[in-house]
Undergrad: 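Provided herewith is a single structure, encoded as structure tokens, for subsequent inquiry.
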Amino acid sequence: MKCRKCGEKAAIKLYQHNLPLCREHFCEFIEERVKKAIHDFAMFEKEEKILVVISGGKDSLALSYILNKLGYDVSLLYIDLGIDEYSDNSRVFCEEFARKFALSLKIISLKEEWGKGIRGFCRQTYKSVCSLCGMVKRYYFNKVAYEEEFDVVATGHNLDDMVSALLSNILGWRTSYLVKQLPLLPEEGKLKKKAKPLIYLTERETAAYAFLSGISFLREECPYSRDASFLRMKHLLNEIEMSSPGTKFSFYRGFLENLHLFRKNEDKVELKDCLLCGFPSLFEICSFCKTFRKEEAKNAGKI
Amino acid sequence: MQVKFDNQVKEWQKRKRVKDILEAFGLNREEVIVVRDDTLLTENDWVEVDDKVEIWRVVSGGAPGD
Ligand code: SF4
Ligand SMILES: [Zn+2]
Ligand SMILES: [Zn+2]
């Protein structure tokens, strides 16, 4: 199979575009897709400070690499949840990446800050690891972005992440959640805007890009992801994609075009400042403080 | 040839196309990349008898901030 652009041996075929490409033209193609997403949704400008949340995996490292290559002002944040060997390994990949590309990396470790990893808090709150994990990550990236005056938080969510969440929410008709699957969430008070520049790329594309660009990334999965229901959604969508290439992309594009149908179901909620930490919250004490500052919350008579 | 995928290893004594190898493992081409040394293989590529190839799963369950 030959590269459509130069006739050299193809490194990959992109079925969705019916396009075989060599290493060089594939990497160029991927970078153009990221530029297009940033441009199409006016995500950020060159002079803005970007905080990229990284996990050591292919998506967040490929995103950091591309943004850095395109000349954006990028800093990295890794949140160490203390999930045994998995978190230790993730941290090593993040540190190596930051060193190799001379990028600044901030690490927040639950064990160092709170004396125990995320599982310790699950026992205490009877919540699942995954539900606490999402809350903790959101809390810290919002906090760091605000306190360190970043303009935007960028995450490595790709097309597969977006369409699997979309399908899951549509199957459950949780229409008020659908707007969270937007490529850009605007700034709101202390919450900085959030951008997903990889939304035009599939997981296979980001993995191939990371590999062909010489980025070492963690291939081990979080031990809790085996139960993550949206993995099932991903497999289903990939079955369809295999027989009808382009379905995932057109599903997502259709969602963006029909957003007005769901916008009216969007929950308009008033956020208040948490009494303990001052960050935006639905209640007087935010979920993070209810979990991590339980005693203080109790003393304040709020739980 | 030797092909590794997760904890499984399969061996064949005859050259084989990547497409047929993926089928033998029951894998969807959208969910993997196929690595030989520092290059990727397309579905049409042949894996030769002396080659060692690895299949990397690319579907992940969690993303930062999910
Ligand atoms: S699978 Fe792992 S990384 Fe993903 S939400 Fe659950 S605990 Fe967090
Ligand atoms: Zn080429
Ligand atoms: Zn709080």
Side-chain angles (χ1 to χ4, degrees), chain A residues 1 9-13 15-16 20 23 26 52-55 57-60 77-79 130 133-134 137-138 140-141 153 155-158 160-161 164-165 194 196 202-208 211-212 214 219 221-222 224-231 234-235 237-239 241-242 245 248, chain B:
Chain A
M1 205 182 286
K9 186 191 172 306
I12 188 164
K13 181 173 179 184
Y15 293 93
Q16 172 196 344
R23 177 192 295 248
F26 169 70
V52 185
V53 190
I54 60 170
S55 63
K58 62 189 189 318
D59 303 302
S60 57
L77 170 68
Y78 172 64
I79 300 160
C130 291
C133 167
K137 283 178 183 166
R138 278 191 296 276
Y140 276 119
F141 69 58
V153 176
T155 56
H157 292 93
N158 54 48
D160 293 83
D161 295 326
S164 53
K194 277 165 219 86
K196 300 175 182 109
T202 64
E203 283 191 294
R204 178 173 169 261
E205 289 165 348
T206 59
F211 176 81
L212 293 172
R219 285 168 51 214
E221 274 292 302
C222 171
Y224 296 99
S225 74
R226 277 175 233 123
D227 303 324
S229 68
F230 88 127
L231 254 186
K234 285 187 174 179
H235 292 315
L237 285 157
N238 281 331
E239 282 298 309
E241 183 75 18
M242 174 99 168
K248 290 190 288 195
Chain B
M1 114 197 27
Q2 197 187 67
V3 185
K4 244 179 98 178
F5 171 66
D6 284 351
N7 298 323
Q8 307 171 52
V9 178
K10 284 192 199 285
E11 297 197 2
W12 283 279
Q13 304 306 326
K14 262 172 48 185
R15 70 198 294 253
K16 222 171 165 53
R17 262 192 210 275
V18 169
K19 190 193 290 180
D20 300 319
I21 295 174
L22 294 185
E23 218 175 282
F25 277 93
L27 293 169
N28 182 329
R29 68 184 184 208
E30 291 298 322
E31 302 196 335
V32 293
I33 54 174
V34 182
V35 174
R36 183 173 58 199
D37 304 322
D38 65 344
T39 55
L40 291 183
L41 299 179
T42 67
E43 272 203 299
N44 278 4
D45 284 327
W46 286 94
V47 179
E48 303 297 336
V49 180
D50 296 332
D51 285 344
K52 280 192 174 163
V53 165
E54 241 189 277
I55 303 174
W56 292 10
R57 192 192 289 281
V58 298
V59 184
S60 58
D66 51 8

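Residue numbering restarts at 1 for every chain, and letters A, B, ... go by the order of the sequence lines. These numbers were taken from a predicted model, which means no experiment stands behind them.
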Undergrad: In sequence, state the C-alpha distance, the side-chain angles, and the governing distance for E239(A) and N28(B), and then conclude on side chain to side chain contact (heavy atoms under 4.5 Å, CB included).
TA: CA-CA 7 Å; E239(A) 282 298 309; N28(B) 182 329; 3.9 Å; yes
Undergrad: With a 4.5 angstrom heavy-atom cut-off, could you sort out which part of P245(A) is near chain B: side chain, backbone, both or neither?
TA: side chain
Undergrad: So which heavy atom on E221(A) is nearest to which on S60(B), and how close?
TA: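 So the minimum-distance heavy-atom pair works out to OE2-CB, 2.8 Å.
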Undergrad: Identify, with sequence neighbours excluded, every residue that meets side-chain hydrogen bond (donor to acceptor under 3.5 Å, both in side chains) alongside Q16(A).
TA: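 Testing Q16(A) for side-chain hydrogen bond (donor to acceptor under 3.5 Å, both in side chains), a comparison that skips the adjacent residues, returns none.
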Undergrad: Check V58(B) against R204(A) and note the closest heavy-atom contact, atom names and distance.
TA: CG2-CA, 3.8 Å
Undergrad: What closest approach, in Å, do H235(A) and V59(B) show between heavy atoms, and which atom pair accounts for it?
TA: CE1-CG1, 4.5 Å
Undergrad: Who in residues 6-17 of chain B is close to chain A, using a strict under-4.5 Å heavy-atom cut-off?
TA: none
Undergrad: Under the side-chain hydrogen bond (donor to acceptor under 3.5 Å, both in side chains) test, which residues partner S164(A), sequence neighbours left out?
TA: none
Undergrad: Side chain, backbone, both or neither: which part of N238(A) has a non-hydrogen atom closer than 4.5 Å to chain B?
TA: both
Undergrad: Might you confirm whether atom NZ of K9(A) has over 12 heavy atoms from other residues, nucleotides or ligands at distances under 6.0 Å?
TA: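 Correct, the count exceeds 12.
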Undergrad: So if I take each residue of residues 29-40 of chain B and look for any heavy atom under 4.5 Å from a heavy atom in chain A, which residues do I end up with?
TA: R29(B), E30(B), E31(B), V32(B), I33(B), V35(B), D37(B), D38(B), T39(B), L40(B)
Undergrad: Would you say the side chain of Y15(A) lies within less than 4.5 Å of the side chain of E43(B), judging by non-hydrogen atoms?
TA: yes
Undergrad: Among E241(A), K13(A), M1(A), R219(A), who wins on heavy-atom pairs under 4.5 Å with chain B?
TA: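 Between E241(A), K13(A), M1(A), R219(A), the count favours R219(A).
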Undergrad: Does atom CD of E23(B) have more than 12 heavy-atom neighbours from other groups under 6.0 Å away?
TA: no
